[in-house]
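Here is the structure we will look at.
All ligand and atom numbering here is 1-based and tracks the order in the structure.
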Amino acid sequence: MQLQLRLFEAQTAPLVGAKAARSGTFVDNMALPVHRWFRYSAGFAAQWVEQVLTEMGIGEGAVVLDPFVGSGTVPIVCDTLGIESVGVEAHPLVARICKAKLLWATSAERLSDFAAEVLGNARGRNQRMSSYPLLIQRSFDEDVLAVLDGLKESWLLVDDKSPESELVWLALTAILRATSKAGTAQWQYILPKKTKRNVVPPSFAFRQQVEIMKSDIRWMHYRAKQSLARIIAGDARTVSDSISQRVDAVITSPPYANNYDYADALRFEMTFWGDVNGWGDIHDAVRRYLIVSSSQHSSRERLRVEELLETEAVKPIRDELATVVRTLAAVREDHGGKKHYHTMIAAYCRDIGSVLHQLRRVCKPGARMCWVIGDSAPYGAYCPIDKWVGEMALAAGFDQYRFEKLRDRNTKWKNRKHRVPLKEGLLWIEG
Ligand SMILES: C[S@@+](CC[C@H](N)C(=O)[O-])C[C@H]1O[C@@H](n2cnc3c(N)ncnc32)[C@H](O)[C@@H]1O
């Protein structure tokens, strides 16, 4: 991303007249109530979302949708402004984190009591560290893992599916990186072989996380009584029947083609909770639910180019896409890795096209959309994603689009696989 997204001063007003007047990454959100409850590198900046909403003229009474809602930046901003919102997220763990953040209407006292019970019961438990997969054993000192395991087992004993229980689950999930000695690579891939110095003691980290959450809950309660957000743990490609057809605005950022493997981002947390045992489980547990944006995904699914190019969703860009796909199919024969970029890019366009058709069904006439988006050049074959998404949006029934470039990507070429300059920006769609 997205994660590096820099929103510079926009020189010109796009369709809606909004100016992207500040920089934004999820790092900015780590100073903001509720947003900071979980660090999700893929996220964009909350203050930028608020600015776009204001300049779109979206306020109380409107409905805002984020079909790739991630950790919930858009709905949390909407809650602080009293705006109804819907979010869709296909990654099961990310969706759960997002839903938990939107439980901020829970009383701080109930959260406090529940967390105290979990902490109290955690002491003196018999830990079974060897039952954890190697990734977890290697990422923590033994005594740290013993405490975390105690907290986890204690939580499992008292989990009653209440909002406060879910918030305590989130608190424990959120401290795993800070209490681990393993390094984290760019993006959120965990590096067990690279150790870091600053490791926070787990009981302290847990107490501190709960205190932060209590304080943010109280802050939110000054602004609103209940959340107006609905989070759907589902697939943006097929979700329209679950959303009422009165969406006024969409603010979103999909995975970029060939940028990061979203399915792998929270493998560390999923392994701790026993959702997966290793990298090999990630496809079935997560990746198959996401839009195709990585070659790992397309190679696992053995997709067929001709079928992908025949889908209705890619019709408006079929000729251009077919040229790139055929180039990639030929070029891969000269590369050792023989990556499945040809099917990845065709499936990516098919999936984004499907999402646009779903959005047309739920958006009111005249709705406005802002997509944070980036282009791609696997094996150096340029894919003008912004233009393709715009064209597919018109074919889906929207009236106009305009791309506003915000920054260059891939301009530092040391160790890069290709030298095709890339860009990132805002795709404004209306109609
Ligand atoms: C760039 S991130 C969005 C981050 C979000 N803006 C935030 O602030 O947290 C894109 C998200 O799309 C999700 N995603 C991928 N395929 C999806 C699908 N088919 N339906 C819904 N969400 C999907 C990914 O799991 C990822 O969390």
Ligand 1 contact on Pro67 by region, counting heavy-atom pairs under 4.0 Å: backbone
Test of proximity, Tyr262 against ligand 1: N or O pairs below 3.5 Å: no
Numbering as shown, the atoms of ligand 1 that approach Tyr289 to under 4.0 Å (heavy-atom distance): 19 (N)
Approximate separation, where rounding is to 0.5 Å, of Glu301 CD and Arg288 CZ: 9.0 Å
The one among Glu89, His91, His35 that brings a heavy atom closest to atom 24 (C) of ligand 1: Glu89
Spatial distance of atom SG (Cys370) from atom CZ (Phe44) [nearest 0.5 Å]: 8.0 Å
Residue portion contacting ligand 1 (non-hydrogen atoms closer than 4.0 Å) for Phe44: both
Test log, rule side chain to side chain donor-acceptor pair (under 3.5 Å), inputs Thr173 and Trp273: CA-CA 9 Å; Thr173 306; Trp273 284 109; 3.0 Å; yes
Test of proximity, Ala42 against ligand 1: N or O pairs below 3.5 Å: no
Polar proximity ligand 1 side, Leu290 side, N/O cut 3.5 Å exclusive: no
Val69 touching ligand 1 at heavy-atom level, < 4.0 angstrom: yes
Test of proximity, Tyr40 against ligand 1: N or O pairs below 3.5 Å: yes
Ring pair (Phe, Tyr, Trp, His ring centres under 6.0 Å) assessment of Tyr132 paired with Phe272: CA-CA 7 Å; Tyr132 280 97; Phe272 175 78; 5.8 Å; yes
Contact atoms of ligand 1, heavy-atom distance to Ser71 under 4.0 Å: 7 (C), 9 (O)
Non-hydrogen atoms of Arg318 and Thr311 that approach each other most closely: NH2-O, 3.1 Å
Distance filter under 4.0 Å to Ser253 heavy atoms, resulting ligand 1 atoms: 1 (C), 2 (S), 3 (C), 10 (C)
Sub-6.0 Å ring centroid separation between His283 and His297: yes
Distance flag, aromatic centroids of Phe68 and Tyr40, threshold under 6.0 Å: no
Lys101 side, atom NZ; Thr73 side, atom OG1 - distance, nearest 0.5 Å: 5.5 Å
Evaluation steps, side chain to side chain contact (heavy atoms under 4.5 Å, CB included), between Arg332 and His340: CA-CA 8 Å; Arg332 73 189 281 267; His340 291 236; 3.4 Å; yes
Val94 N/O under 3.5 Å from ligand 1 N/O: no
Separation of His91 NE2 from Met270 CE (nearest 0.5 Å): 5.5 Å
Proximity to ligand 1 by part of Phe68, non-hydrogen separation under 4.0 Å: both
Within reach of ligand 1, part of Thr252 (heavy-atom separation under 4.0 Å): neither
Tyr256 to ligand 1, any heavy atom closer than 4.0 Å: no
Atoms in ligand 1 with a heavy atom of Asp235 nearer than 4.0 Å: 18 (C), 19 (N), 20 (N)
Heavy atom of Gly234, distance to ligand 1 below 4.0 Å: yes
Heteroatom distance test (Thr73, ligand 1): nitrogen or oxygen, under 3.5 angstrom: yes
Derivation and outcome, side chain to side chain contact (heavy atoms under 4.5 Å, CB included), residues Val210 and Leu111: CA-CA 8 Å; Val210 172; Leu111 168 59; 4.3 Å; yes
Interatomic distance, Ile373 atom CD1 to Leu406 atom CG [nearest 0.5 angstrom]: 12.0 Å
Atom indices of ligand 1 within 4.0 angstrom of Ala236 heavy atoms, with elements: 18 (C), 19 (N), 20 (N), 21 (C)
